[in-house]
Every structure is written in C-alpha cells, then in structure tokens.
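These notes are about the structure you will find just below.
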Amino acid sequence: MKTKMTKHAVLSSGAKMWRSLACAKSELRLDLTLACGQTFRWKESAEGHWTGVMGGRVWTLTQTEDTLWYYVYANPDTQNGRGVSLLDKKRSEKRSVDSRMKNEEEPHVVTDQQEGEVEAEMMLKDFLQLHVKLGDLYRKWGAADPHFKEIADIFKGVRILRQDPTECLFSFICTSNNHISRIQGMVERLCQALGAPLCQLDQTAYYDFPTLSALADSSVEACLRDLGFGYRARFLQQSAKQILDTHGLQWLESLRRLPYVEARDALRTLPGVGTKVADCVCLMSLNKSEAVPVDTHVWQIAKRDYKYTTDSGQKSLTEKIHRDIGDFFRKLWGPYAGWAHSVLFCADLKKFQNLKEPARVKQPKAEKESGKKSKTTKTKREFDGKGEDTKIKSESQKRAKACVKRQKSFRSHKITHFSDSTFN
DNA sequence: TTCCGACCTCG
DNA sequence: GAGGTCGGA
C-alpha cells in the first residue's frame, strides 16, 4: 500500500507543528553537541536542523537565539504514532523536580495528546540534561583554568548528552582503532540490520537501536563481519550475550546507580571494553560526570596545553597515564570534569577549527625555525634522564614535527602552574 | 608495569 | 594510520 511521503521537518515551513523550550545558545549548541563524537546517529537534515533517534522516536531539533525547537515524528507502525516507547520506560526513571511540579499544577483531566507532549518535553530535557546549568559550570572551569577560559569563549554550549546505555555501549565498542566517519557508517548499518524500523523521511529510513537480545544472537557475528565490522563483530555479540547471561536486561541501566569506579570496572569485564570505552559509556550514558575518557587525542591535549609529561617517555597509553590524566583533570575542573573535557575535545576537532578566529590560525609562519623546537625536546628530556640517544633520532624528529604542528594550531597562552612532571 | 603485534577496513 | 583492546612477552 502506498503511503504519503513524509518529509524532514523544517522550522521555516510550518512552525506551528513544532514545540519549543526556552534555551540560550550558551547553554546548548546543537551543532557542537551532536557532532563532536559523543553520538553517531544525528545528522544535519537541513541547515541547522538535526535529525536523529531518541527514545524510540525520530526527532528533528533546531534552535534560534534563545529557543530550542523540536519536532517528533509519528511512527506509522505503532498505533497512530502513539508508541508505548515514549511513555513506559522513562517513567520509572528518577524524575526531576519538573514532574512533581506538573502533577500539582495540573489537577484537571489531561488528554492523551497533552500527556504525550509533556512526555516528549521531559524526554528531551532529560536527553540534553538541561537541568545542568552549563553557563555556571563554564564560569567555574574558566576561573580554575585559564586555558579553558580561552577556549570556552568560542566553544560555548558543548553539553554531554544522557544517552541510552545500550546504544552508547555498543556504539563505542565500534570506535576502537577507528575514525568517526567509518564509525557513523557502521552504527547506521548496525541499526539497519538489527534494529526495528521507525519511519521514513524523504529518502531516509530510520531505525531504532538494536535490543540486547537482537545483538546477542549467535548469528550476529557473521552478519556484522559481512557488514564490515571486522574483529569488532565478535565483541558486540559477545558483550551482549555476556550481559544477558550473567546480569540480565536491566543491568546496564542499573549501573547508573553505582559509583563511577564500580560502574567503570563492571563495564571493563565486557569483551571489547577497555578503560577508554568504559569511561565514554560512564560519562555519556550513566550519569558519571566525573569520568574523563582518555584517548590518544586527550593525551596530546594534556601534553600540549597542560605540560603533562611522563617520567619515562611513554609511547603508548598505559593504565597509569589514563589514571593520571583523569585524576589531573578531575582535580582541576571538579566533579563535572568529563563535561569540561568534552569542550576541549570538541575545540580540537579538525572540523571545528573554522570557529576559531582567523587571527590565531594565521600566526604560525614566523616561528618555524629550530630554536623553539629543541627547547621543547630538551624540557622533556630533563624528565627522562636516561640517555636514549640511540632511539632519540627518530623520536626527536617525530617530536619536532609534532611541535611544529602544535605551533600551527595555537600557542599564545601561558599556563605555568602545572609544569611539574606527572600529576598526582 | 610496560611494551608490542595483531585485529578489519577504508578515507 | 584512525578517538582501542587483548594476549603474550
């Protein structure tokens, strides 16, 4: 049977179908928040319009200066679009002050539609964690950390999402030894192959994220290998199976109630989940705002902007480096360190370099000569002590190269309060 | 504790 | 090599 083609919603053509929330851009920047690598399924469907799946529904979000606009599409297959998914699972979660207030303020009879609208608003607020006042946090981080302050003025509104733990975990298992564009394709194929279809907009079909049971099926590894997941195919299937076999369906959600370290260690027992992936899942879906995912990129940031060095010139990211850098940033930024980290992370992404003012990008030309380079190398070597001259040739070349690169991006602030070797 | 190679594919 | 993890030295 032929159904009417549904299109991606656009605010300019039909604003009355949209709903809105008051929300300043300093509290939320959709473009930065949805494209900085914490989630992989939101796409810019029209200029400034972001479409993705959340809570079993397809949404389009957009924003004007002080307003966040949202549009929720009907799922054709679930009774008239009023799918249960909206209502049931979020209900039991801890509700914020919001809902309590609502119950008191609305003693009159509410229709299904009104209830659905209230529900949608709550889900969106929850997903975006709008109860967290980002402006206040930025001020605190900036006061404690001049380098942060410098970056933060340009990269306002970078916010950590509160994602579904299953989607978050299995998406991040895909990230190992991988790059963003490929991860996006993989997650999309994963949903297409194993997720329930939701709706189609223009030429794009949207799917829900696969359930644990779907992922745990023994046929999944082969299926995903065919879809180009490589060795990750086995991790995905095995992790799903392990969760169901030894813990049960509700286990991931239950980790939200555990302290950070316990939740992280629990996640690390799963195949394909190391320290970094576990930290991502903790921060982005389990309410652990202090979790700081340390990857090679964050390590670079720590070295470049915070003078982090190891006493033995480490080449690979060890457990100790993870711990030291995480602890360092927690000490510097406090209990929302993971959120602050994401701001700097975002600011370092190549795709967002155009946001930095031109003046800074232009600088590097003059300082290409060698004087500075050797200085940096020397500083580092002072901490190593040991003569590693045999290796140092290629190493120092590498360092020099990296150093030149660094000069290019930016280099004018002076952080002096953390020049000691390792953070404790 | 730290290091290394292997693991998959592709922009 | 890419926003890692695992197993074995």
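Throughout, protein chains are lettered first and strands after them, A, B, ... in sequence-line order, and every chain is numbered starting at 1.
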Between P on dC8(B) and CZ on Arg189(A), what's the gap in Å once rounded to a whole number?
16 Å
For Gln184(A) and dA2(C), what is the distance between atoms CD and C1' respectively, to the nearest whole Å?
14 Å
How do Glu319(A) and Arg232(A) order along DNA chain B: which one's closest nucleotide is nearer the 5' end?
Glu319(A)
Please classify the nucleic acid contact of Phe229(A) as base, sugar-phosphate, or nothing, using heavy-atom distances under 4.0 Å.
nothing
Are side-chain N/O atoms of Thr60(A) and Thr51(A) paired as donor and acceptor at under 3.5 Å?
yes
If you go through the side-chain atoms of Arg234(A), does one of them form a donor-acceptor pair with the base of dC7(B) closer than 3.5 Å?
no
Using a heavy-atom cut-off of under 4.0 Å over every strand shown, decide if Leu270(A) touches base, sugar-phosphate, or nothing.
sugar-phosphate
Would you please confirm or rule out a distance under 4.0 Å between OP1 or OP2 of dC4(B) and any side-chain N or O of Ser316(A)?
no
What distance separates Leu61(A) CG from Leu11(A) CG, expressed to the nearest 0.5 Å?
11.5 Å
With rounding to the closest Å, how many angstrom separate the P atoms on dG8(C) and dC8(B)?
16 Å
If I take atom NZ in residue Lys315(A) and atom P in nucleotide dG5(B), what distance separates them, rounded to the nearest angstrom?
8 Å
Give the rounded distance in Å between these two atoms: NE2 of His297(A) and P of dG3(C).
8 Å
Tell me the interatomic distance from Lys351(A), atom NZ, to dA2(C), atom P, rounded to whole angstroms.
17 Å
Rounding to an integer number of Å, can you tell me how far Phe40(A) CZ sits from dG3(C) P?
11 Å
Whole-Å distance separating the CG atom of Leu317(A) from the P atom of dA2(C)
12 Å
Applying a 4.0 Å non-hydrogen cut-off, can you work out what Val298(A) is touching in the nucleic acid: base, sugar-phosphate, or nothing?
nothing
From the set dA2(C), dC6(C), dT9(B), return the single nucleotide nearest to any side-chain atom of Phe235(A).
dC6(C)
Check every atom of dC7(B), dT2(B), dT5(C) against the side chain of Lys276(A) and return the nucleotide holding the closest atom.
dT5(C)
In whole angstroms, the gap separating C1' of dT2(B) from CZ of Arg323(A) amounts to 13 Å
Side chain of His179(A), heavy atoms from C-beta onward: which of dT5(C), dC3(B), dG3(C) has the nearest atom to it?
dG3(C)
Of the listed nucleotides dG4(C), dG3(C), dT2(B), the one nearest the side chain of Ser176(A):
dG4(C)
On a whole-Å scale, what distance lies between the P atoms belonging to dG1(C) and dC4(B)?
15 Å
Are Lys303(A) and Trp299(A) in a cation-pi contact, defined as NZ or CZ under 6.0 Å from the six-membered ring centre and within 45° of the axis?
yes
Between Ser176(A) and Tyr231(A), do the side chains contain a donor N or O and an acceptor N or O under 3.5 Å apart?
yes
Is any side-chain heavy atom of Leu236(A) less than 4.5 Å from a side-chain heavy atom of Leu224(A)?
yes
Ring pair (Phe, Tyr, Trp, His ring centres under 6.0 Å) partner of Trp18(A), chosen from Trp59(A), Tyr71(A), Tyr73(A)
Tyr71(A)
When all nucleic acid strands are considered with a 4.0 Å heavy-atom cut-off, which category describes Cys346(A): base, sugar-phosphate, or nothing?
nothing
Dot-bracket notation for DNA chain B is requested: 5' to 3', Watson-Crick or G-U wobble pairs only, both distances under 3.5 Å, with ( ), [ ], | and . as defined.
.||||||.||.
Between Arg182(A) and Ala278(A), just flag the one whose closest nucleotide in DNA chain C comes earlier from the 5' side.
Arg182(A)
Quick check against the 3.5 Å criterion: does Gln38(A) have a side-chain atom that pairs as donor or acceptor with the backbone of Leu161(A)?
yes
Comparing Asn178(A) and Val273(A) on DNA chain C - which has the more 5′ nearest nucleotide:
Asn178(A)
Check whether Tyr260(A) forms a cation-pi arrangement with Arg264(A) (NZ or CZ under 6.0 Å from the six-membered ring centre, at most 45° off the ring normal).
yes
salt_bridge(Glu188(A), Arg41(A)) N-O dist < 4.0 Å:
no
Pick base, sugar-phosphate or nothing for Ile180(A), based on heavy-atom distances below 4.0 Å to the nucleic acid.
base
With heavy atoms under 4.0 Å as the rule, sort Gly272(A) into base, sugar-phosphate or nothing.
sugar-phosphate
